[in-house]
Amino acid sequence: MNYIQFLRQNRIMVLFGIMMTALSSFGQTFLLALYVPFLMEEFTLSNGLISTFYGVATIVSAAVLPKLGKLIDTVPLKQFTLATTALFVISLLFFSFSQAWWYVPIAFFGLRLAGQGLFSHISITSMSRYFEANRGKAISLASLGHPLGQAILPALILIVIGKIGWRESLWLNAALVSVIVTLFTIFVLQPKHLVMEKSTKPEAGDGGGGLDKMRQRDILKSKAFWLLAPNIFFIPFAITGLFFYQFPIVEFKGWNEGVIAGGLTAYALASSLSILTSGPMIDKYSAKTFFPFYLIPYFMALLVIWLVPQSWGMYLYMVLMGLSVGFGSATVAALQVEFFGKKYIGTVRSLFTSIMVLSSAVGPALFGVILDAGLGFDTVFPVTLVMLLLVILQSFRAIPRHSRAKWKYKFRRSRKQ
């Protein structure tokens with residue numbers, strides 16, 4: 001089944017997935033960062049203090065996420081979505097009514113938990129649970145909401161803030177989220193759409209690797225968790241950290257700041273292309289086949305941004321990074337089901353999503369310590385490269401033994417010829 005056929009048969013579920021990932025943007029760093037200058041001016045906050053608020057809020061949301069996220073395994077999807085939407089909208093409105101500095105970390109917590117955490121969790125978990133034979137395509141299409149939000153929303157939000165003010169723009173954000181999600185979930189998403197896709201293939205990973213009952217403490221003890229965790233931690237850690245310091249990076253390289261906007265566009269396009277490419281390949285070959293390789297373009301991207309002096313290096317860096325992020329988002333999501341099965345995928349994904357959210361707070365903090373120590377990006381880039389190399393090497397353990405044996409046989413045969 002190709003993408004067109006799949007969309008014709010499952011357009012409602014695909015639209016639901018894209019809607020949730022795109023609207024999660026209102027809790028993502030790239031949009032919340034637009035409000036930082038206004039918060040600093042209004043409440044007389046320093047860069048260090050507002051960064052601390054943001055980091056603490058993100059870490060606390062990561063701690064809460066596994067407890068709330070696993071409820072999607074027992075609470076009906078529509079009810080869980082509406083409850084999360086209510087939390088999201090309340091957080092946006094609370095943010096808009098900020099009267100003192102202490103409103104800010106509370107608002108950040110609600111937005112990071114509901115937006116970055118639970119909205120994305122709902123989207124990918126539902127795609128993982130309701131699809132088998134076409135799971136890769138479902139996850140890939142739903143994941144398109146992320147680059148879609150990155151490409152469209154920042155420019156629109158800046159225009160709205162300029163026209164009506166930052167507080168009023170948050171009212172509009174809250175109205176969009178509440179109206180779109182509520183109407184779609186109640187009136188469009190029907191029980192007939194929430195039917196498990198039948199597959200002729202046996203479901204890889206069913207049984208959770210020998211676990212009779214899927215509990216998060218059991219997941220933490222499993223080999224599959226420790227195989228996946230470094231990858232899931234690293235991408236948000238490195239990319240959020242480097243995105244946070246993109247202006248200092250441009251200054252370090254001696255480039256014009258205009259390359260950032262063009263680079264982000266290139267990143268969104270490459271990520272979208274990679275996402276769409278990954279889906280059919282995962283459905284055909286399984287996610288395990290690609291797990292060790294999707295980070296290689298990012299390794300090359302870090303080499304480019306470190307070593308290339310010309311400004312075109314920013315565009316190549318963003319394209320390579322987008323290829324890794326796009327392919328990786330679908331690969332890692334599908335691999336969680338292959339390892340743990342789909343019955344308790346909400347419990348599994350909430351734990352891994354918590355790691356992702358936590359790592360997005362650690363990255364900027366660690367890179368900031370390195371930079372504050374006066375070591376500079378000539379230390380940041382090689383340190384990140386070494387960490388990434390170790391993650392790539394350990395990822396090869398995910399490839400099935402028979403696949404490795406087949407590769408060795410073909411390699412030896414080619415050498416003899």
Side-chain angles (χ1 to χ4, degrees), residues 18-42 45 47 50-51 53-55 57-58 61-62 84-85 87-98 103-123 143-181 236 239-247 260-261 263-265 267-268 271-272 318 322 325 329 353 356-357 360-361 363-364:
I18 294 174
M19 174 186 71
M20 297 304 289
T21 51
L23 293 178
S24 76
S25 299
F26 291 115
Q28 303 275 6
T29 301
F30 70 90
L31 269 189
L32 291 178
L34 301 180
Y35 292 92
V36 167
F38 302 99
L39 295 173
M40 292 175 64
E41 181 179 357
E42 181 112 1
L45 301 173
N47 278 297
I50 200 165
S51 298
F53 288 164
Y54 194 70
T58 301
S61 70
T84 302
T85 302
L87 173 62
F88 203 176
V89 171
I90 290 170
S91 300
L92 286 165
L93 292 175
F94 183 83
F95 195 11
S96 71
F97 295 128
S98 299
Y103 281 70
V104 176
I106 297 174
F108 279 164
F109 165 73
L111 294 172
R112 298 295 276 167
L113 176 62
Q116 184 196 26
L118 290 174
F119 259 45
S120 298
H121 175 61
I122 290 169
S123 174
S143 299
L144 283 176
H146 289 304
L148 183 66
Q150 291 164 356
I152 296 175
L153 290 176
L156 290 178
I157 294 299
L158 285 174
I159 292 172
V160 172
I161 290 175
K163 294 289 185 181
I164 63 176
W166 71 270
R167 292 181 184 273
E168 292 75 9
S169 74
L170 289 167
W171 300 349
L172 181 59
N173 297 350
L176 284 173
V177 172
S178 61
V179 171
I180 292 173
V181 178
I239 289 181
T240 305
L242 294 178
F243 268 174
F244 196 82
Y245 293 104
Q246 55 189 327
F247 284 100
I260 293 177
L264 289 172
T265 301
Y267 170 82
S271 178
S272 300
M318 288 289 192
V325 171
S329 63
T353 303
M356 178 199 71
V357 173
S360 68

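Quick note: residue numbers are just sequence positions, from 1.
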Can you list the residues that meet the salt bridge (Lys or Arg N to Asp or Glu O under 4.0 Å) rule with Glu42, with sequence neighbours excluded? Arg167
For [X], which residues count as a side-chain contact (heavy atoms from CB on, under 4.5 Å) partner, sequence neighbours excluded?
| X | value |
| --- | --- |
| Tyr103 | Phe94, Ser98, Gln99, Ala100 |
| Val36 | Met40, Ile50 |
| Leu156 | Ile152 |
| Ile18 | Val14, Leu148 |

Residue set satisfying ring-ring contact (aromatic ring centres under 6.0 Å, His included) with Tyr245, at least two apart, ordered chain then number -> none
Aromatic ring proximity, centroids under 6.0 angstrom, Phe243 and Tyr267: yes
Would you say that Phe53 contacts Leu45 through its side chain, given a criterion of any heavy-atom pair below 4.5 Å between the two side chains? yes
Kindly give the heavy-atom pair with the smallest separation between [X] and [Y], and that separation in Å.
| X | Y | result |
| --- | --- | --- |
| Leu264 | Met318 | CD2-CE, 4.0 Å |
| Met20 | Ile122 | CE-CD1, 4.0 Å |
| Thr21 | Ser123 | CG2-OG, 3.2 Å |
| Gly149 | Ser25 | CA-OG, 3.6 Å |
| Leu23 | Phe88 | O-CE1, 3.5 Å |
| Thr85 | Ser178 | CG2-CA, 4.2 Å |

Could you please spell out the steps behind the side-chain contact (heavy atoms from CB on, under 4.5 Å) verdict for Asn173 and Phe95? CA-CA 11 Å; Asn173 297 350; Phe95 195 11; over 6 Å; no
Can you pull out every side chain to side chain donor-acceptor pair (under 3.5 Å) where at least one residue sits in residues 146-163? Sequence neighbours excluded, please. none
Straight-line distance of Ile161 CD1 to Leu170 CG, nearest 0.5 Å: 7.5 Å
Do Ser96 side-chain atoms and Leu93 backbone N/O form a donor-acceptor pair below 3.5 Å? yes
Taking side chain to side chain donor-acceptor pair (under 3.5 Å) as the definition, give me every residue that meets it alongside Ser272, ordered by chain and number, with sequence neighbours left out. none
By side chain to side chain donor-acceptor pair (under 3.5 Å), which residues pair with Ser169, not counting sequence neighbours? Tyr35
Show the atom names and distances, to 0.1 Å, of all donor-acceptor pairs under 3.5 Å that link a side chain in residues 104-119 to residues at least two apart or in another chain.
from   : atom 1 : to     : atom 2 : distance (Å)
Arg112 : NE     : Tyr54  : OH     : 3.3
Arg112 : NE     : Thr58  : OG1    : 3.1
Arg112 : NH1    : Gly27  : O      : 3.1
Arg112 : NH1    : Thr29  : OG1    : 3.4
Arg112 : NH1    : Tyr54  : OH     : 2.9
Arg112 : NH1    : Gln116 : OE1    : 3.4
Arg112 : NH2    : Gln116 : OE1    : 3.1
Arg112 : NH2    : Ser360 : OG     : 3.2

